[in-house]
Peer 1: 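So that we are looking at the same thing, I have put the structure below in structure tokens.
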Amino acid sequence: MLWWIGAGVAVMVAVLAGVADWRRDRRDDLDRVGWVDWRSTQMFALIAAAGCAIIAQHG
């Protein structure tokens, strides 16, 4: 059960990172940059979600 919760949290992080990346791409002031690479955050969260789901299915 704990692995499914981890997978759900990782999916939520991936969705939030996708929204943040979309907002960053649409910003008006191009000189205003952020310090978080949202695409990498989204990729790692999706990998973590897949890993947690795989472990949860085998457990």
Side-chain angles (χ1 to χ4, degrees):
M1 181 67 179
L2 188 61
W3 290 107
W4 287 116
I5 294 171
V9 169
V11 167
M12 287 191 320
V13 168
V15 168
L16 290 174
V19 170
D21 186 48
W22 175 77
R23 289 187 66 209
R24 187 183 70 178
D25 284 343
R26 300 194 64 204
R27 68 183 181 267
D28 292 329
D29 186 8
L30 295 178
D31 291 331
R32 197 172 143 226
V33 296
W35 54 276
V36 177
D37 183 15
W38 291 112
R39 290 182 186 179
S40 294
T41 303
Q42 185 179 27
M43 180 189 68
F44 289 128
L46 288 173
I47 291 170
C52 286
I54 289 169
I55 292 172
Q57 286 180 344
H58 288 290

Peer 1: What pairs of residues pass the salt bridge (Lys or Arg N to Asp or Glu O under 4.0 Å) test when at least one of them lies in residues 50-59, not counting sequence neighbours?
Peer 2: none

Peer 1: Please give the remaining members of the hydrophobic cluster of Leu2, linking ILVMFWY side chains under 4.5 Å, ordered by chain and number.
Peer 2: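 Listed partners: none, Leu2 stands alone.
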
Peer 1: If you look only at pairs with a residue in residues 2-18, which of them pass as a salt bridge (Lys or Arg N to Asp or Glu O under 4.0 Å), with sequence neighbours excluded?
Peer 2: none

Peer 1: My understanding is that a hydrophobic cluster links ILVMFWY residues whose side chain heavy atoms are under 4.5 Å apart, including indirect links. Using that, what else belongs to the cluster containing Met43?
Peer 2: Phe44, Ile47

Peer 1: Could you list the cluster mates of Trp35? Members are the ILVMFWY residues connected by side-chain heavy atoms closer than 4.5 Å, either directly or through other members.
Peer 2: Val36, Trp38

Peer 1: What pairs with Ala50 under side chain to side chain contact (heavy atoms under 4.5 Å, CB included), at least two apart in sequence or on another chain?
Peer 2: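 Residues passing side chain to side chain contact (heavy atoms under 4.5 Å, CB included) with Ala50: none at all.
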
Peer 1: Got a second to check how far Trp4's CH2 is from Gln57's CD, nearest 0.5 Å?
Peer 2: 4.5 Å

Peer 1: Give me the atom names and distance for the closest heavy-atom approach of Arg32 to Arg27.
Peer 2: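 Taking every non-hydrogen atom into account, O-NE, 3.1 Å.
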
Peer 1: Taking only residues two or more places apart in sequence or in another chain, which ones pass side chain to side chain contact (heavy atoms under 4.5 Å, CB included) with Ala45?
Peer 2: Val13, Ala14

Peer 1: If the condition is side chain to side chain contact (heavy atoms under 4.5 Å, CB included), which residues does Asp31 pass it with, not counting sequence neighbours?
Peer 2: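 With neighbours one apart ignored, the set is Asp29.
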
Peer 1: Could you name each residue pair satisfying salt bridge (Lys or Arg N to Asp or Glu O under 4.0 Å) that touches residues 47-59, not counting sequence neighbours?
Peer 2: none

Peer 1: List, by chain and number, the other hydrophobic cluster members for Ile55, where Ile, Leu, Val, Met, Phe, Trp and Tyr join if side-chain heavy atoms come within less than 4.5 Å, directly or indirectly.
Peer 2: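 So far as hydrophobic clustering goes, Ile55 is joined with Trp3.
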
Peer 1: Any pair with a residue in residues 38-59 that passes salt bridge (Lys or Arg N to Asp or Glu O under 4.0 Å), sequence neighbours left out, goes on the list, sorted by first then second residue, please.
Peer 2: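 For residues 38-59, and leaving out neighbouring residues, the salt bridge (Lys or Arg N to Asp or Glu O under 4.0 Å) pairs sorted by first residue read Asp21-Arg39, Asp25-Arg39.
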
